[in-house]
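Residue indices begin at 1 and follow the sequence shown.
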Amino acid sequence: MTASSFVSGLYVVSVIAAVFLAGAALSEWARSDVLDRALAGIIGATAVGVGVPLALGIVGALTWSAYLIVMVLVGAVSAIYLARHVPKPRVPAAWSPAGMLAIAVGTFLTVVSLVPTLHAAVQPNGETRRYHITNLVTWAHTHNIWHLPYQSPGVFTSTHPGNGELLAVGMLFATGRDQLVYTTFALLAAVCIIAAASIARDLGGRPDSAALTMTALIASPIVYGTQAHSLLTDVSAAAPLLAGVACLLRARREHNPRWIVFAGVALGLAMGAKYTVLFLAPVVALVGVLALRPRKQTWWLAPGMAFFAAPWLVRNWIGTGNPIFPQGLHVLGKQLFAGGSSSFDVYKATIASHVLARRWHVLGTWWHLLWHFWGFSLVLPVVAVAFAFFVRPRRVDRMLLAGLCVLSIMIYAVTPYTGAGVQGNAALMGANLRYLIPAALVGVSLAAVVIPSRVLFVLVGGAFAFDAYFFVTNFGFRSDLVVDRGAVVAGAVSAIVVCGLVMAYGRRTIPVQNVAYAITCAAVVLIAVSIVRIDSRERWTPLERLVVNTHSSHVAVLGSDDFRSVLGPDLNTQLEDVVGGRPDGNPPPSSGAQLAQEVNNSSADTLVYLPGTPGVPAGWKPPAAQWQSVGSTPSGNVYVRKTPPPAPAAPAPPSPSPKVPTAPTP
C-alpha cells in the first residue's frame, strides 16, 4: 500500500463521511420517525454531494483542494450539530421479513456493483465513454461548469445538465482517474427504495412491501444492467423526482414547510440531471402547489429547484442562445428558441409516430425489447395503474400518482429517438427504453399500495426470478458485470453482516458511535488497498494504448465516440476542437479540401479520426503530406503530424492613437 493510495483512501472516506454526516444532521432537522428521517437524510446527502461541487463550479473554484475543504467544513458543522441535538431514545422495533429481505438484497446488489471497479474492468457503456466522463473531466479541469465540453460534430450531449455527473466529482478528485467514479449508483438506488417506502405509507400501504418491490425493480436488466458501473443519469433524474413526490405527500399530511423545502431540493436535483424529467418535475411542483395548504408556504419549493436546475439552463443560454438546447421551443406557433439539427435527425422518430403510422413490424420489435429488458418488472406498474382506479381509500391521491405514471409514459412516447428512425433501429430503440425508468419508479411505488398482498408477492417473486436469470448470464450486454463466485460470497456475507447490524441497532444492543469509528478506520484501509489492486489490474483499450504511445497531451478528435480512451489513463489529455464540435452543432465543412485545411491548422500533433463520421465527406482521410497513420482500432484511427503544428499568429501591434490637439496654455 503506497502513500498516495492511502491519501486517496483518506480523501474518499472524508468526502463520504461529510456527505452522510450532513444527511444525518438534516434527518435530525426533520424531527420525525425513522422512515421520515431516512427520507430527509438520503435527500440531504444527495443534495450535499451535488450542491457543493455545483456551488464551487458556479464561482470557478471547482478544485480538489477547495472541494475537500468545503466538504470537511460541512462534515464538521454537521457533526457539531448532531452532538448538540442528541436524538431521544426510541422504542426498539422489529423489522418485518419483507423489510429485512429488502435490506439483504440491497446490500448484495451494492457489493456486486462494486466488483467491476475492484476488477479494474473497462467501462464499456457507450454513452459513459462518449460524453458523461468527458463532461465531468472538463468541469474538473476548467474548475467551473460554464465551459461547454467538446463533442463530435452534430452531437449535442455537451449541453446536457450535469447533476448526475457532479455527484461523482469527489471520487475523481480522490484518485485523479475514473477508478471510483462509477460507484454512485448505490446512493441513488437507496433514494428510490426509501422514497417508495415513504409514498406507500402515506397512501395507506406497507412500506416494507414497497421497499422490497422497488428492490426487485432496481435489480432488473433495464436498471441495474444499464446504470451499475456507469455514469448514466437516468436514475440520477428519476430517483430525486420520486423523492420529491414523497416529500410533497409528507408536507400535505404534516403541514410542515420543511418537507416543502426537501421537495424543492429533490425536484431541482431531478431537473438538473436529465432532460427526461424536465417537464415532469414542474408538473409535480404544480400539483403540490394546488394541493398544499396554506398555499403561501409552497414558495419554499423555489429555492431548491432554482439552485440545482437553473445554472444548467443559464449555461446553455449563454453558450447556445437556448436554455434547453438542443430542444426547440414553440409557443402558439411562434418559435422562441431554435433547436439543434444534424445528420442524426434521421433517428428522431418517436414511438408515438410508429403507432400513428401503424408500423406494426417496428412495434413488434419494440415489444420484444420491452419484455427482454423489463420482464416482470413491467407488469407491476401496469397492474398498479389499473388497480388505482378501483381502490376506494385515498382514491384521489392514488389516481394522481397513477396519472403521473401515465404522463411519464406519454412523455416517453413523444421523446425524440425512442422510435429510432422510420425503420426502428433495434439497438437504439432498446437503449432508449431507459427513458421509461421514471414511469416505472412511480408505478412500482403505487403497486405496493393497490395490488393485493398475495398477487403482489407472486409478481415480485417472478421479478426476482427474472432478474436472477439475467444476473447469472451477465445481462447479455455488459461484459463488465460479471457475477463470479467470489462476488456472490462477498455479497452474501455483507448482506448477513448488515442485517445483523440493523437488528442490533433496532434493539439498541450496540453503541452506534463505536461502530461508526470502527467502520471509518476500516474503510480508509480497505479503499487504499482497493486502489492499489485496481492500479495493478488496470487494462487499457486498444485506442487508449495507441494515443498514449504518441506521448501527446493535445489530441484533435474527429468522429470518434470513445472520448474516455482519448483522455488517457490519467484523464489529462486536452481535446482539440477541429471543426463541428461547437455546442450549436454546426456541421463540419462539406468540402474535403476545406476540412483538410481545418485539420492542418489545428494546434494538435495527434489526430483521432473515425471514417464514416456523419457530415464528413465520404472517403475523406487526413492529408498524407502532413499526417501519418500509427494504428487503427474500431473506435478510431490514430494519426501523428509529420510536421510541427503551425505556431499561433502573433498579435498585431496596436495602431498609434491619433494625437488630440490641446488648447494652448494661457
Side-chain angles (χ1 to χ4, degrees), residues 125-127 129-131 151-160 221-222 225-226 232-234 274-280 322 324-330 333 335 337-374 378 382 406-440 476-477 559-561 580 584-588 590 610-620 634-635:
N125 179 262
E127 292 192 22
R129 304 186 70 84
R130 184 180 306 128
Y131 76 93
Q151 247 307 333
S152 299
V155 180
F156 312 118
T157 50
S158 61
T159 62
H160 289 188
I222 194 63
T226 62
L232 292 182
T233 54
D234 301 277
K274 197 176 182 71
Y275 279 152
T276 50
V277 299
L278 191 60
F279 180 71
L280 286 173
N322 179 356
I324 58 173
F325 191 88
Q327 308 300 325
L329 182 62
H330 296 76
Q335 178 179 285
F337 297 108
S341 61
S342 72
S343 55
F344 293 97
D345 289 349
V346 296
Y347 297 108
K348 249 187 175 179
T350 65
I351 288 296
S353 67
H354 290 316
V355 173
L356 295 176
R358 300 179 181 179
R359 300 187 185 104
W360 305 123
H361 65 288
V362 176
L363 294 175
T365 303
W366 173 78
W367 175 255
H368 172 76
L369 293 169
L370 193 67
W371 176 256
H372 178 77
F373 285 108
W374 285 97
L378 175 69
V382 172
V406 173
L407 179 62
S408 302
I409 296 173
M410 294 172 61
I411 291 177
Y412 159 81
V414 298
T415 298
Y417 302 104
T418 54
V422 176
Q423 299 301 320
N425 181 280
L428 183 59
M429 194 185 303
N432 290 337
L433 286 175
R434 296 177 287 111
Y435 298 165
L436 279 170
I437 288 179
F477 56 91
S560 176
D561 287 333
D584 55 3
N586 290 334
S590 57
L610 184 65
T613 298
V616 176
W620 183 89
S635 302

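Residues satisfying the ring pair (Phe, Tyr, Trp, His ring centres under 6.0 Å) test with Tyr131, not counting sequence neighbours, are His160. When the side chain to side chain contact (heavy atoms under 4.5 Å, CB included) test is applied to Leu407, the partners found at least two apart in sequence or on another chain are Phe279, Leu280, Val283, Ile411. Val406 pairs by the side chain to side chain contact (heavy atoms under 4.5 Å, CB included) definition with Val385, Met410, not counting sequence neighbours. The ring pair (Phe, Tyr, Trp, His ring centres under 6.0 Å) search around Trp360 returns none, not counting sequence neighbours. Every residue meeting the ring pair (Phe, Tyr, Trp, His ring centres under 6.0 Å) condition with His372, not counting sequence neighbours, appears here in chain and number order: Phe470.
The two atoms that bring Ile324 and Leu278 nearest to each other are CG2-CD2, 3.7 Å, heavy atoms only. The shortest non-hydrogen separation linking Ala349 to Val422 is CB-N, 4.2 Å. The heavy-atom pair separating Gly430 from Phe373 by the smallest distance is CA-CE1, 4.1 Å.
For residues 406-426, the set of pairs meeting the side-chain hydrogen bond (donor to acceptor under 3.5 Å, both in side chains) definition, not counting sequence neighbours, comprises Trp366-Tyr412. The salt bridge (charged side-chain N to carboxylate O under 4.0 Å, His left out) contacts involving residues 416-437 comprise Glu127-Arg434, Asp234-Arg434, where partners must be two or more places apart or lie in separate chains. Applying the salt bridge (charged side-chain N to carboxylate O under 4.0 Å, His left out) rule to pairs touching residues 351-365 yields nothing, sequence neighbours excluded. Sorted by first then second residue, the salt bridge (charged side-chain N to carboxylate O under 4.0 Å, His left out) pairs that include residues 414-423, not counting sequence neighbours, number zero.
At distances below 3.5 Å, not a single donor-acceptor pair connects side-chain atoms of Gln327 with backbone N or O atoms of Phe337. Under a 3.5 Å cut-off, the side chain of His354 and the backbone N or O of Leu363 do not form any donor-acceptor pair. Of the possible polar contacts, none joining the Ser560 side chain to the Leu610 backbone as a donor-acceptor pair under 3.5 Å is found. Remark: the backbone N or O of Ala413 is not paired with any side-chain donor or acceptor of Tyr435 at under 3.5 angstrom.
Shown here is Trp367, whose CH2 atom has no more than 12 heavy atoms of other residues, nucleotides or ligands within 6.0 Å.
Distance OH/Tyr347 to CG/Asn432: 12.5 Å, rounded to 0.5 Å. Distance check: Gln151 CD to Thr157 OG1 gives 3.5 Å after rounding to the nearest 0.5 Å.
Trp374 has its side chain out of reach of Leu369: every pair of non-hydrogen atoms, C-beta onward, lies at least 4.5 Å apart. Proximity of Leu370 to Leu436: side-chain heavy atoms (C-beta onward) are separated by under 4.5 Å at one or more points.
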